[in-house]
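This report concerns only the one structure given below.
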Amino acid sequence: MEDFPVAARLKALIEALGLSDSQFADKCEISRSTLSLILSGKNKKISDVMLAQIHEAFPEVSILWILFGEGDKFKTVESLQKVAPVYHENSLFQDNPPGNEEQLNLVSLKQLQNIIQDIVNKSFNSSISTLENLVLKTSEPSSIRKVSKITVYYGDSTFETFVPE
């Protein structure tokens, strides 16, 4: 895989997330065979569609890192702290988590709750912003359309123009 750095970085990302290749493909809605071809080096290029799907599933992952190896895998340390407990193999969803199971489940649930709350807040703020923009556009005088004249064409090749007062 050394000849294919994108494949190596994808493999490192999947390992950092604590997922299997098939779990990663399913989470990103990428076909397992496509991911397999890239990871094995048989496909040398990664499509923009696939990058978008990875970004959609894992927004905390740096696309620049996947493509060029620039910067860190995760955009911020907070992103890594948020994503690692949820996707890592020692998460809430494992059958036999190590240590105190009840404590681990409570911590994972709290982290999951915080992630969901962040998503809801971002979605809500985005919707409010969009609505505010629409209200501003419709309240501007330039956006109000007024009739300046009406022209009627008759079958005998004549016409009449009406201008409102």
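Under the 4.5 Å side-chain criterion, counting only non-hydrogen atoms from C-beta, K149 is not in contact with F162. Residues T158 and Y153 are not in side-chain contact: their nearest non-hydrogen atoms beyond the backbone lie 4.5 Å or more apart.
Within 6.0 Å of OH in Y154 there are more than 12 heavy atoms belonging to other residues, nucleotides or ligands. Within 6.0 Å of CD on Q23 lie more than 12 heavy atoms contributed by other residues, nucleotides or ligands.
Placement of V6 and L37 in two distinct hydrophobic clusters is found when ILVMFWY residues are connected by side-chain heavy-atom separations under 4.5 Å, directly or transitively. Clustering ILVMFWY residues whenever any of their side-chain heavy atoms sit less than 4.5 angstrom apart, transitively, puts L64 in the very cluster that holds I66.
In terms of heavy atoms, A7 sits closest to I38 at CB-O, 3.1 Å. Between S148 and V163, the shortest heavy-atom contact is O-CG1, 3.7 Å. Minimum heavy-atom separation, Q53 to E29: NE2-O, 2.8 Å. Considering every non-hydrogen atom in both L10 and L35, the closest pair reads CD1-CD1, 4.4 Å. Among all heavy-atom pairs drawn from R9 and L67, the shortest one is NH2-O, 2.8 Å.
Between F24 and F58, the two ring planes are parallel [angle under 30°; tilted spans 30° to 60°].
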Could you walk me through whether K11 and D21 pass the side-chain contact (heavy atoms from CB on, under 4.5 Å) check? CA-CA 8 Å; K11 190 68 175 168; D21 295 349; 3.0 Å; yes
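To the nearest 0.5 Å, the span separating NE2 on H55 from OG on S62 amounts to 10.5 Å. Taking CE from M50 and OG1 from T34, the interatomic distance works out to 7.0 Å, rounded to the nearest 0.5 Å. Rounding to the nearest 0.5 Å places SG of C28 at 8.0 Å from CD1 of I14.
The backbone N or O of R32 sits nowhere less than 3.5 Å from a side-chain atom of S36 that would complete a donor-acceptor pair.
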